[in-house]
Amino acid sequence: MSTEAIAAAAAETAAGFGEMWKTLAGLQIPPASLAELQSNYLNQATALWNASLQSSQGKPAEPAKPLTDRRFANPAWTANPASAFMAQLYLLNASTLQQMAEKVEGEDKARARVRFAVQQFVDAASPSNFLALNPEAQALALESKGETLTKGMQMLWNDLQRGHVSQTDESAFEVGRNVATTAGDIVFENEFFQLIEYKPLTEKVFERPLLFVPPCINKYYILDLQPDNSLIRYAVAQGHRLFVISWRNPDESCKGWTWDDYIEQAAIKAISVTQEISGSKTIDTLGFCVGGTILSTALGVLAARGEQPAASVTLLTTLIDFSSNGILDIFVDEASVKKRETTIGLQAPKGPGLLKGQELGSTFSMLRPNDLVWNYVVGNYLKGEAPPPFDLLYWNGDSTNMSGPMYCWYLRHTYLQNDLKIPGRLTVCGEPLDLGKIKAPVYIYGSREDHIVPWEAAYRSTQVFKGECRYVLGASGHIAGVINPPAKKKRSHWIGKTDALPPSADDWMASATEQPGSWWTDWSEWLAAHAGALKPAPKTPGNRKYKVIEPAPGRYVQEKA
């Protein structure tokens, strides 16, 4: 490998980074910090260049820094001196840019946006993402006589037709056949949702039914992927008469739906129907993510009307106090919200519109681009390796639309203005909202590595509700932390040593104790204490007024965005 080839590789890798350097150099970075970073960079870059130059000339050199990054783990990267140098230079550039982004001075949100933009650029600029720079993909193409490239192009073409990068073999799954298979029936539907009642798995059930409100920005079956990891099946097996909302996937006919519609016509209606079918005045309730925000709002509206239908409330990775929400905060400011309101909201000159599911899905994927984007670009298109079947990633790609007015209201009154937690600040469904008037005990769960609902943000809900609260922290992230069945004996969770819930999440954590395994068993014990006495399980779903419409999972969950 000639010195000219190494120099060309260096120029190829550094070209894009030069522009980002210029961008960062124009920001407010303390001169002393910038000088130190530049000096360190020049020293490391010079050492890297000299080592590569000596290696290319057959001279002994200092051992190269090992390529521990998994993107460069294949031996092909170290076998080729130019590729090894290119990967090492990339990692040096990336590290330096990230350090510069950390040193930027200014307002917190602006600094967070700089860090996010730098991370997006750094991840996209990896030489592993380009066929001309990826020796592993090149070797596979040669060995297969171009077959891997042919397969890669075919997968690229198929993904262009789908409108998203495939993260799994989507043909391996079918809703109702091998995901969302827990037996049940649709016992009510309107234009907003279908209500599923699940078939009992025990001879006796608790007298109070349990209603799940999943997030409307995803499909409900994340709670029912497979029998061995289904929170729905687990709840039914624990003796709960379970009802679950299955949201309609909005189309053009639904583009005018508002936040009030979701509360009145969906959440409150589901509570009412569950009460009527079960004959129980009070019910246990659970909301997941945005579903928890919707459930809390609905119960707040009912409290303003003098109704207290919830015997208990469980909130899983739910935001109520939106004062600090991690990475998602960088996407929301007055200008961005106003733009949405005037394009798809009620203020839009051409009338309301839809937020397409693919746009929302792409946004969430870019929060973890190496894992959810570039990993599949390299594997699918450059190496021609079809991704294996994975139920969770199938669900992740099964996107849903949102009505513009509902989405705009949500952005403005939660992420932007943080109105939800303030008593009387909002009027919803004609009622002044005060979540502190909800009298039910509340079980609040957060995931320690959640990048969508940071665990500290989930904890802040303990300061909003005025009644009995229990906070439990699970390991892992937004989905994996929640979907953690006890039988798998994975991960752990933290429980406070006492029932005290101090204002600071860190103060709570300082006295919490780590417990092995899933948080589900703790929740199940807590829930049983609020579910009432046991009684014979119903022999048929629904009742005379609410008859079976069709078997679960129903039509709504199968509608594509």
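What you see is a predicted model; the values in this text were computed from it and never measured. Atom set for the values below is all heavy atoms of this structure, side chains included, hydrogens, waters and symmetry mates excluded.
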Could you tell me how the ring of Tyr459 sits relative to the ring of Tyr471: parallel (under 30°), tilted (30 to 60°) or perpendicular (over 60°)?
perpendicular
Enter the distance from Leu316:CG to Thr318:OG1 here, rounded to the nearest 0.5 Å.
6.0 Å
Regarding Asp419 and Gln417, do their side chains bring together a donor and an acceptor under 3.5 Å, going by distance alone?
yes
In terms of heavy-atom contacts, does NZ of Lys488 have more than 12 from other residues, nucleotides or ligands at under 6.0 Å?
yes
Rounded to the nearest 0.5 Å, what separates atom CE in Met86 from atom CG in Asn134?
8.5 Å
Candidate pair Trp508 and Trp494, rule side-chain contact (heavy atoms from CB on, under 4.5 Å), full reasoning
CA-CA 10 Å; Trp508 176 87; Trp494 288 261; 4.1 Å; yes
Closer than 3.5 angstrom, by distance alone: can the side chain of Ser95 be matched with the main-chain N or O of Leu91 as a donor-acceptor pair?
no
Other residues, nucleotides, ligands: >12 heavy atoms within 6.0 Å of Asn43 CG
yes
Can you confirm whether the side chains of Asn40 and Gln44 place a donor and an acceptor under 3.5 Å from each other?
no
Identify the residue among Tyr220, Tyr262, Tyr221 that makes a ring-ring contact (aromatic ring centres under 6.0 Å, His included) with Trp247.
Tyr262
Quick one: do the Asp159 and Tyr376 side chains pair a donor with an acceptor below 3.5 Å?
no
Backbone of Ser144 reached by a side-chain donor or acceptor of Thr148 within 3.5 Å:
no
Taking every heavy atom of Ser447 against every heavy atom of Thr317, the minimum-distance pair comes out as OG-CG2, 3.9 Å
Distance-only polar pair, side chains of Asn158 and Gln154, donor-acceptor under 3.5 Å:
yes
Please determine whether a side-chain nitrogen of the Lys or Arg among Glu456 and Arg448 lies less than 4.0 Å from a carboxylate oxygen of the Asp or Glu.
no
Taking it one step at a time, do Lys103 and Glu36 satisfy salt bridge (Lys or Arg N to Asp or Glu O under 4.0 Å)?
CA-CA 11 Å; Lys103 298 294 185 181; Glu36 182 182 2; 6.0 Å; no
Distance-only donor-acceptor check, side chains Asp321 and Gln463, under 3.5 Å:
no
Might you work through the side-chain contact (heavy atoms from CB on, under 4.5 Å) test for Gln347 and Lys338, ending with a clear yes or no?
CA-CA 9 Å; Gln347 301 173 17; Lys338 194 68 178 176; 3.3 Å; yes
Using atom types as modelled and distance alone, determine if a side-chain donor or acceptor of Arg491 lies under 3.5 Å from a backbone N or O of Ser476.
no
Side chains of Arg470 and Tyr445: any donor to acceptor distance under 3.5 Å?
no
Taking every heavy atom of Ile320 against every heavy atom of Thr293, the minimum-distance pair comes out as CD1-CA, 4.3 Å
Without swapping roles, check the side chain of Asn129 against the backbone of Val378 for a donor-acceptor pair under 3.5 Å.
no
How many angstroms lie between atom CG of Leu382 and atom OG of Ser128, to the nearest 0.5 angstrom?
8.5 Å
Test salt bridge (charged side-chain N to carboxylate O under 4.0 Å, His left out) applied to Asp169 - qualifying residues, sequence neighbours left out:
none
Does the distance from a Lys or Arg side-chain N to an Asp or Glu carboxylate O, for Arg113 and Asp333, drop under 4.0 Å?
yes
Checking side-chain polar atoms at under 3.5 Å, does Ser492 have a donor or acceptor matched by the opposite partner on Glu514?
yes
Minimum heavy-atom distance Ser166-Pro387, with the two atoms named:
O-CG, 4.0 Å
Report the distance from atom SG of Cys216 to atom OH of Tyr410, rounding to the nearest 0.5 Å.
8.5 Å
Please check: side-chain N/O of His493 versus main-chain N/O of Gly517, any donor-acceptor pairing under 3.5 Å?
yes
Do Glu359 and Thr363 have side-chain atoms, one donor and one acceptor, less than 3.5 Å apart?
no
Would you please say whether a donor-acceptor pair under 3.5 Å links the side chains of Ser323 and Arg460?
yes
Have Gln515 and Thr513 got a donor and an acceptor in their side chains that come within less than 3.5 Å?
yes
Kindly assign one of parallel, tilted or perpendicular to the pair Phe173 and Tyr394, based on the angle between their ring planes and the thresholds 30° and 60°.
tilted
For Val114 against Val104, the heavy-atom pair lying closest together
CG1-CG2, 4.1 Å
Considering non-hydrogen atoms only, spot the tightest contact between Pro389 and Ala172 and give its length.
CB-CB, 3.8 Å
To the nearest 0.5 Å, atom CG of Leu501 lies from atom CZ of Phe465 at 12.5 Å
For Trp455 and Gly474, indicate whether the former's side chain and the latter's backbone hold a donor-acceptor pair under 3.5 Å.
no
NZ (Lys490) with more than 12 external heavy atoms under 6.0 Å:
no
So, does Glu107 use its side chain to make a donor-acceptor pair with the main chain of Lys109 at under 3.5 Å?
yes
Quick one: does Asn74's side chain have a donor or acceptor within less than 3.5 Å of a partner on Glu136's backbone?
no
So, does Glu449 use its side chain to make a donor-acceptor pair with the main chain of Ala475 at under 3.5 Å?
no
Lys/Arg N to Asp/Glu carboxylate O, Glu147 vs Lys151, below 4.0 Å
yes
Whether the Ser230 and Asp224 side chains hold a donor-acceptor pair (N or O, under 3.5 Å, no angle test) is what I'd like checked.
yes
Mark yes or no for whether Thr498, through its side chain, and Ala500, through its backbone, hold a donor-acceptor pair below 3.5 Å.
yes
Side chains of Asp329 and Asn325 only: does a donor on one sit below 3.5 Å from an acceptor on the other?
yes
